[in-house]
Structures are given as C-alpha cells and as structure tokens.
Amino acid sequence: MIELSRRQRDCLRHLCRQDSYATTALLARQLDVSERTVRSDLGAVEAYVRKLGARLERVPGSGIRLVADDGARSALLAALDAPETAFPRREERAVAVEVMLLVRPTVTFQQMAEACDVSRQTMVAQSEDFAAFFEASGLELCREQGVGSFLRGGELDMRHCFTGLVTGSDTRDVARPVARRELAPEHLERAERLVCDIERLQDATFVDAEALSFSLAYALERVAAGHMLPEPGSAQRVDPTSSDEVPAAPDNLFLRSLRGLLSEAFGAPQERRYAGALVFAQRTTSVGLMHRGGAASDDEAALISRDLIAALCELHVIDEAALQHLIDGLTTHLRAAIYRCRNNIQVESELPRQIMVSISLLYDFTREQMRLAEQRYGISLNEAEIAYVAMYLDAIYESSARESVVLQVLFLCPFGLASSSVLMTRLSYALAECNVVGPMTEGEARDYVSRNAVDLVVSTTDCRLDDVPVVTVDPLLRQSEIERVKSQIMQLSYSKICSYFLRSYATTVQDESPTHYVRDFVRRENVRVGVDCDDWREAIRIAARPLLARGLVDGHYVDRMISAVEDYGPYMVLTPRTAYVHAGMTDGARENCASVLVLSHDIPFGPSGEKRVRCIVVLGIHDAERSLLLGLAPIFEREQTIKVLGRPDVTASEVLEQHD
C-alpha cells in the first residue's frame with residue numbers, strides 16, 4: 001500500500017470531505033504550500049485512492065474532485081483518521097511521548113517504545129530530551145522504579161504545555177493524532193460538541209476548531225482526574241483576571257449564553273474562566289458575535305485602535321472609510337489580545353518571529369505605540385501579540401502609501417519594435433504595479449536615467465548604469481527570468497516603502513524632539529570601521545563582538561540573528577547598503593544595546609546574496625523602553641550618511657557624529 005505524507009493525507013482529507021471541485025490554489029492555501037507542491041502531491045494521492053476503488057477527476061477551469069462511492073469514501077476517511085503509531089524521527093518521538101506523559105498518570109519506557117514502534121532502549125536513551133522539554137515548561141519529569149515516569153508541576157503549566165504541543169506549527173502534526181488516541185473519547189466528543197455549539201452561537205467559525213477542541217478536552221480530562229486549577233487567592237499561579245466568570249454585560253445575550261454553555265461543562269468558576277480564555281484566544285474566520293457583540297465604542301480595544309490609527313495618520317494620510325474592514329479587524333484582534341493578556345494565554349506560533357524580521361520598522365513602531373497604550377490603559381502585550389498588531393498596521397499603512405512609492409522601471413531593449421512589444425507583454429504582469437517607460441536603446445536609457453529617477457532597469461543586453469540596479473533577461477524571457485524580475489520588484493518595493501516610512505517618521509519625530517546622533521544610541525567602543533570581510537554571516541559575528549565582549553548579548557543571540565537572515569532573507573536591509581540585524585527580547589540580550597560595523601567594501605547579504613551592504617548594525621533588544629531601530633534607521637537613511645559610510649577612510653568618530 002502506498003504511504004502518504006502528512007501533507008498528502010491532509011490534502012486527501014480535504015477532497016474526501018467535499019463534493020465540489022477544489023482548485024490547486026485553494027488546496028495550496030489550505031495546506032500552506034505552493035501550488036507546485038500541491039500538483040506534485042496529487043500524483044501520490046491519486047495512486048493511493050485508486051487502490052481503494054476511487055479516482056481523482058480533473059476538469060480544466062474547475063479543479064479537482066474525488067470521485068468515490070459512499071463505501072470507498074468512508075474507507076478513505078477511516079484510513080486517514082487512523083492514528084499513527086510509527087515515528088521514525090527523534091523529534092517526532094519526543095512530541096508523541098510528551099503528549100502521553102501529559103495525559104496519562106504514568107508512562108513506562110515499554111509503553112513509549114510500543115507507541116513509537118521502536119525499542120525500549122531507544123526511548124531510555126532519549127529520556128533526557130523529554131526531561132529538558134518539560135523543565136523549560138516549568139514541569140519536572142519524575143521516574144519511580146517499577147511504576148514509570150510521571151510529571152510534577154503547576155496545573156496551569158500542564159495545560160499550557162499541552163496546548164503548546166497541539167497548536168505549535170512544528171509539533172501539531174504529531175501531537176494531535178497522539179492526543180486523539182490518548183484522551184478519553186467522551187471528553188473529546190464533549191469538547192467537540194461544545195466548540196460546535198459556540199460556533200453556532202457566535203455565527204462564526206474558528207480558524208482552528210480542532211486545536212480548541214483538544215485544549216478543552218484536556219481540561220475536562222484533568223478535572224475528571226481531580227486536577228483542578230487553584231482557586232483565586234491560593235499560593236499557586238492562577239490566571240490574572242479580576243472576574244470569576246466569562247465576562248458579560250447584563251444586556252449581552254451572546255456572552256450570557258456562552259457562560260451558560262461553559263457552565264454545563266465546567267462547574268468551578270476558575271475552570272469556567274480558563275475555558276473562556278481558551279475560547280477567546282481563538283481566531284475566527286469572520287468577526288462573529290464573540291468579539292463584536294456588546295463592544296462599546298469606548299472600550300479599551302477601540303481606544304487603542306483609534307490611537308494606533310491616529311499615530312499612522314501622522315506619517316501618511318489614511319483613508320479610514322476605504323480601510324474600515326482592516327481597522328475593524330485590528331480592533332477585533334486587540335480585543336482578543338487583551339483578553340489573552342489578562343488570562344495569561346500565550347500565542348504559540350513561529351509567525352511573530354518572521355513578522356519581527358520582515359516588517360521590523362512597523363513592528364518597532366507598533367511596539368512604541370503599545371508602550372504608550374500600557375501607560376494610558378495598563379495593557380501590556382508580549383512580543384507575539386505586538387507582532388500580530390503590527391501586521392494590521394503594516395497592511396493599513398502600505399495600502400495607504402502605495403501610490404506614493406510606485407516603482408519607476410525602465411525597459412531597455414535594442415531589438416526591433418515587434419520583439420520589444422512581445423517582451424513588454426510577457427513582462428506586463430510582473431510589472432503590473434509599476435510605472436514603466438521604454439523600450440529604449442542603451443544610449444537613450446543612460447540619458448533618461450541622468451535626468452529622471454529610476455528604481456530598476458530591465459534589459460535584454462548586459463549593461464551597467466550608475467546607482468540603478470539592472471536585471472538582464474533573455475529576449476525570449478523564460479519563466480525563471482520572470483520570477484527573478486518579480487523578486488527584484490518585490491525587494492525594491494519593500495526598500496522604497498521603508499525609505500518613505502523613515503522619512504515620514506523622522507519628520508514627525510523632529511517636530512517633537514532635538515536632533516539625534518548615532519552617538520546617542522551607540523557607544524564609541526562598539527563601532528568598528530574599515531574591516532575586511534566577504535561573508536555576511538562572519539560580518540554579523542564581527543559586528544556583535546563588542547557586545548559579546550561586554551556581556552550585553554550572549555552567543556545564542558548572535559546565532560538567532562544569523563538564523564533569522566537564513567530563514568527569512570535580507571529583509572533587514574532597510575536603508576541603502578545597511579543591514580539591521582537583531583533577535584527577540586527573550587533570545588539573550590541583557591540590555592538594550594547597539595554596535596556598528598563598517599566594512600572596507602560592499603558584500604552580498606542574505607542566503608542568495610540578494611542585496612549588497614557596506615554596514616551592519618547589530619541591535620540588542622532586551623525591552624521595549626526605547627526603539628534603537630527607529631532611532632538609528634532615519635540617520636542611516638540620509639544620503640549624507642550613505643556617502644560618509646562609503647568612504648574608504650571613514651573613522652569611528654565620523655560614524656558617531658552622523659545625525660538625522
């Protein structure tokens with residue numbers, strides 16, 4: 001029998017549960033992969049279903065659907081829903097055993113081995129992995145001869161640990177099948193019914209209803225086993241909220257009904273409060289009653305949302321009417337984030353780290369504004385919550401500023417008009433949001449560039465133009481070249497909107513405060529100039545050495561900075577020829593600090609050398625008291641600073657004296 005990967009199983013599960021056609025684009029969105037990956041997976045899926053008497057039907061323009069009678073469809077679903085018992089990879093075995101230990105009172109090494117289809121000795125050898133994982137979660141893994149292994153620790157830590165496993169992007173594919181096998185069926189069924197009832201009640205669907213069901217089922221299982229959350233006022237850590245129930249205004253029918261549903265499943269007030277926190281922590285596919293019902297226009301979320309939009313308006317005119325759907329989404333998210341904050345529910349996702357890197361300017365701007373919100377309203381959101389808020393602000397800002405940062409692209413082609421026209425047609429969708437001039441000959445292009453601002457030249461001949469990037473393409477314009485042009489357009493567009501943001505931000509700050517110098521943010525001993533280095537990874541390490549030597553950051557922080565570039569690309573190049581690298585507040589910076597490295601020559605920066613840099617700015621981020629990035633980037637954005645950094649004889653003193 002053909003074995004499907006987890007992603008292929010998810011693809012087939014989606015096809016099994018619907019009768020209509022599904023496009024590869026829809027499947028790609030569902031699976032969070034590319035359409036090319038989906039098309040590749042469908043070959044294995046098709047062979048798999050054929051063995052069970054079904055087939056895939058493809059209709060151009062409509063998509064793909066599963067053709068199977070009821071018996072074959074049921075057999076496929078049963079095979080897909082069967083829990084996996086073999087976990088060949090060490091990381092998978094760790095997750096499987098961690099779920100077992102969280103659910104069962106005790107687990108022996110033999111039971112671990114049977115569940116993972118490996119030897120007992122293999123599980124014994126891996127036991128330190130489990131102990132380290134639970135120690136990081138505030139739990140202790142204990143072993144008793146003749147009994148087995150079991151966990152000791154706070155009840156809330158137990159539940160947070162379980163929820164983290166079934167929701168984590170790198171653990172959920174293993175954790176969920178194991179949890180389904182380990183949890184009592186009656187608890188899981190009751191939790192799933194409860195989730196369905198809440199969805200009907202709020203007239204909106206949870207984005208990840210399965211995750212919520214598992215977390216609620218685990219809570220029911222713990223309560224049934226006599227493991228209750230501590231009551232308010234006890235010595236143990238509890239959810240920090242003033243209410244003992246799901247909050248509800250007297251006239252809010254939805255919240256009263258939700259409290260009734262939770263009361264049927266959870267008797268104790270602290271358990272109802274915890275269940276309510278789980279519910280409110282979940283995102284929905286639309287703005288349902290849970291987040292909009294009874295929300296006053298002067299509640300904290302609405303006030304903070306208005307403050308954030310007002311701060312954006314100082315940088316650029318925001319058409320609030322046209323973007324009201326995004327602003328409503330921001331307010332809704334803030335309402336849920338505030339609830340999570342006050343109920344100690346942590347967002348578990350890798351996405352916030354990517355957001356911190358890929359839209360770092362808007363992230364730091366959001367962090368500054370949320371620091372003001374903390375002072376005004378007493379709301380303190382963590383890094384992950386701020387990252388999600390930054391996504392909304394970035395979408396609102398970019399939608400508003402797009403017309404101000406349209407790229408100017410020049411098309412250079414010495415061939416005849418017919419050839420140029422064909423090429424322009426093929427390039428049109430890659431250049432859809434750009435102002436394109438041409439085609440021109442090389443001489444005409446040089447004259448045009450000398451008199452006009454041009455962001456990019458797309459050329460069918462190998463040529464070089466001063467201070468303007470050139471992408472050379474074959475006259476036949478292969479698909480790979482179109483993708484290369486699109487990639488360059490995306491990077492240039494990002495750089496241009498960063499420059500526009502920094503100029504707007506610098507103007508706003510200058511209206512309120514005196515001139516800022518590099519020396520206001522960076523100590524003299526943390527500046528190095530004229531260093532020879534050709535590798536961007538080594539350049540980051542050299543730039544971080546002064547901070548490492550003084551114990552301001554540790555080695556893990558440096559590794560995390562490098563891995564951020566490897567994982568997400570050269571988004572850190574926010575201003576021309578300068579990269580701003582940093583990690584998260586919990587990655588090993590002991591205080592806010594910064595260092596500057598000016599190289600002797602430009603080097604390619606990023607996994608593919610996409611951008612060239614002369615300067616590396618390392619930002620040690622320990623807390624949100626002051627944004628070093630928003631202090632330094634406007635200075636390094638200035639043309640005068642760029643010229644100074646490009647000089648071979650630049651001194652550390654000159655770097656420190658650059659100002660906004």
Side-chain angles (χ1 to χ4, degrees), residues 1-84 166-167 169 172-173 176-177 180 188-189 191-214 279 282-292 325-326 328-329 332 351 395 429 432 479:
M1 185 67 179
I2 296 171
E3 290 293 330
L4 297 181
S5 69
R6 289 193 180 89
R7 187 179 62 241
Q8 291 164 349
R9 290 162 69 93
D10 288 341
C11 178
L12 179 53
R13 188 177 287 108
H14 180 84
L15 293 171
C16 281
R17 289 175 174 167
Q18 68 174 44
D19 294 323
S20 58
Y21 289 95
T23 64
T24 55
L26 174 62
L27 291 170
R29 286 196 299 273
Q30 291 280 343
L31 302 172
D32 194 24
V33 295
S34 68
E35 291 186 51
R36 179 182 298 179
T37 299
V38 170
R39 287 192 289 269
S40 175
D41 284 346
L42 284 172
V45 171
E46 188 165 25
Y48 183 88
V49 301
R50 196 180 299 121
K51 293 288 186 179
L52 293 178
R55 64 185 178 88
L56 295 186
E57 180 181 68
R58 292 177 169 83
V59 176
S62 297
I64 307 105
R65 74 181 181 100
L66 178 71
V67 178
D69 58 29
D70 291 342
R73 193 178 295 268
S74 297
L76 282 169
L77 284 171
L80 293 173
D81 290 337
E84 295 185 47
V166 297
T167 59
S169 59
R172 63 191 178 200
D173 287 344
R176 292 187 187 187
R180 187 170 292 280
L188 193 54
E189 290 170 8
E192 289 172 341
R193 287 197 305 272
L194 179 58
V195 170
C196 288
D197 289 342
I198 295 172
E199 286 183 324
R200 283 194 294 270
L201 180 65
Q202 68 163 331
D203 193 27
T205 303
F206 291 112
V207 170
D208 195 347
E210 186 179 42
L212 178 57
S213 296
F214 278 125
V279 171
Q282 292 296 314
R283 292 182 296 127
T284 54
T285 55
S286 61
V287 182
L289 293 172
M290 182 169 70
H291 295 307
R292 71 170 183 259
H325 63 294
L326 285 174
D328 288 344
T332 297
L351 185 61
Y429 81 95
Q479 182 63 35

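With sequence neighbours left out, Arg65 forms a side-chain hydrogen bond (donor to acceptor under 3.5 Å, both in side chains) with Tyr21, Glu57. The side-chain hydrogen bond (donor to acceptor under 3.5 Å, both in side chains) check on Glu189 picks up nothing, with sequence neighbours excluded. Glu199 meets the salt bridge (charged side-chain N to carboxylate O under 4.0 Å, His left out) test with no other residue; sequence neighbours excluded. Legend: residues meeting salt bridge (charged side-chain N to carboxylate O under 4.0 Å, His left out) with Arg58, ordered by chain and number and at least two apart, are Glu46. Residues satisfying the salt bridge (charged side-chain N to carboxylate O under 4.0 Å, His left out) criterion with Arg176, sequence neighbours excluded, are Asp208, Glu210. With sequence neighbours left out, the side-chain contact (heavy atoms from CB on, under 4.5 Å) criterion links Ala25 to Thr23, Arg29, Glu35. Legend: residues meeting side-chain contact (heavy atoms from CB on, under 4.5 Å) with Ser40, ordered by chain and number and at least two apart, are absent. Looking at residues two or more places apart in sequence or on another chain, you find no salt bridge (charged side-chain N to carboxylate O under 4.0 Å, His left out) involving Arg55. A search for side-chain hydrogen bond (donor to acceptor under 3.5 Å, both in side chains) contacts involving Asp41 returns Arg7, Gln8, not counting sequence neighbours.
The minimum heavy-atom distance between Ala54 and Ala68, with the atom names listed, is CB-CB, 3.5 Å. Taking every heavy atom of both residues into account, Ala72 and Leu52 meet most closely at CB-O, 3.6 Å. Of all heavy-atom pairs spanning His14 and Leu26, the tightest one is NE2-CD2, 4.2 Å.
The side-chain hydrogen bond (donor to acceptor under 3.5 Å, both in side chains) contacts involving residues 67-80 comprise nothing, where partners must be two or more places apart or lie in separate chains.
The distance from the SG atom of Cys16 to the CZ atom of Arg9 is 11.0 Å, given to the nearest 0.5 Å. With values rounded to the nearest 0.5 angstrom, Glu192 atom CD is found 10.5 Å from Leu212 atom CG. Between the CD1 atom in Ile64 and the CZ atom in Arg39 there is a gap of 9.5 Å [rounded to 0.5 Å]. Rounded to the nearest 0.5 Å, atoms CG (Leu42) and CG (Leu12) are 9.5 Å apart.
You'll find the side chain of Leu76 stays beyond 4.5 Å of the side chain of Leu15, heavy atoms only. Within the 4.5 Å cutoff, the side chain of Leu66 has heavy atoms near those of the Leu56 side chain.
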